[in-house]
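The basis for the numbers below is simple: all heavy atoms, side chains too, and nothing from hydrogens, waters or symmetry mates. Here the structure is a predicted model, which means the values were calculated and not measured. In listed order, ligands and their atoms are each counted from 1.
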Amino acid sequence: MTTLDAKLLTREILLGFWKVHILHHAAEHPIIGQWVLSELRRHGYDISPGTLYPLLKRMERNGWLRSEIAVGKGPRRRRYYHLTSRGAAVLNVLRETVVELHREVVEEAAAHAPRKPLRLEAPASVELPAAKKAAPASRKPRRRP
Ligand SMILES: [Zn+2]
């Protein structure tokens with residue numbers, strides 16, 4: 001594997017992907033930071049609380065999420081994030097964007113696999129066995145000492 005500048009990749013691209021995840025999950029149920037951390041790690045992302053909480057705060061400031069602190073008896077009061085209607089509208093746009101991005105970056109790339117002549121337009125019914133067989137890249141979270 002080539003050396004990746006993980007910080008650069010995170011700052012330039014992955015932060016945006018994480019926001020898509022967060023909006024998606026907040027649409028399903030109210031979320032708390034700790035849950036988001038473990039969910040993103042389950043997806044193989046190495047994200048720290050120091051990155052996540054400011055990100056959630058920015059999303060709240062953008063009006064995509066609103067938060068409330070649950071009143072409980074425990075010593076630790078949890079902040080729950082809810083999707084707002086503006087966040088739902090953003091999520092709808094992102095869903096279309098992700099579909100379009102996947103179509104080009106994954107499906108068309110598979111159709112134009114190496115060693116085949118480059119076609120500017122794929123046939124209407126193009127089969128993509130390569131795309132289906134492609135195993136997901138295994139991303140293991142980095143471990144820190
Ligand atoms: Zn997820």
query = Step by step, would you call Val106 with Leu101 a side-chain contact (heavy atoms from CB on, under 4.5 Å)?
reply = CA-CA 8 Å; Val106 178; Leu101 188 66; over 6 Å; no
ask   = Aromatic ring centroids of His43 and Trp18 under 6.0 Å?
value = no
query = Are the charged groups of Glu108 and Arg103 less than 4.0 angstrom apart, N to O?
reply = yes
query = With respect to Arg95, which candidate in Thr97, Val93, Val99, Asn92 satisfies the side chain to side chain contact (heavy atoms under 4.5 Å, CB included) definition?
reply = Asn92
Specify which N/O/S atom of [X] comes nearest to the Zn ion (ligand 1), by atom name.
{"X": "Glu39", "value": "OE2"}
{"X": "His21", "value": "ND1"}
{"X": "His25", "value": "NE2"}

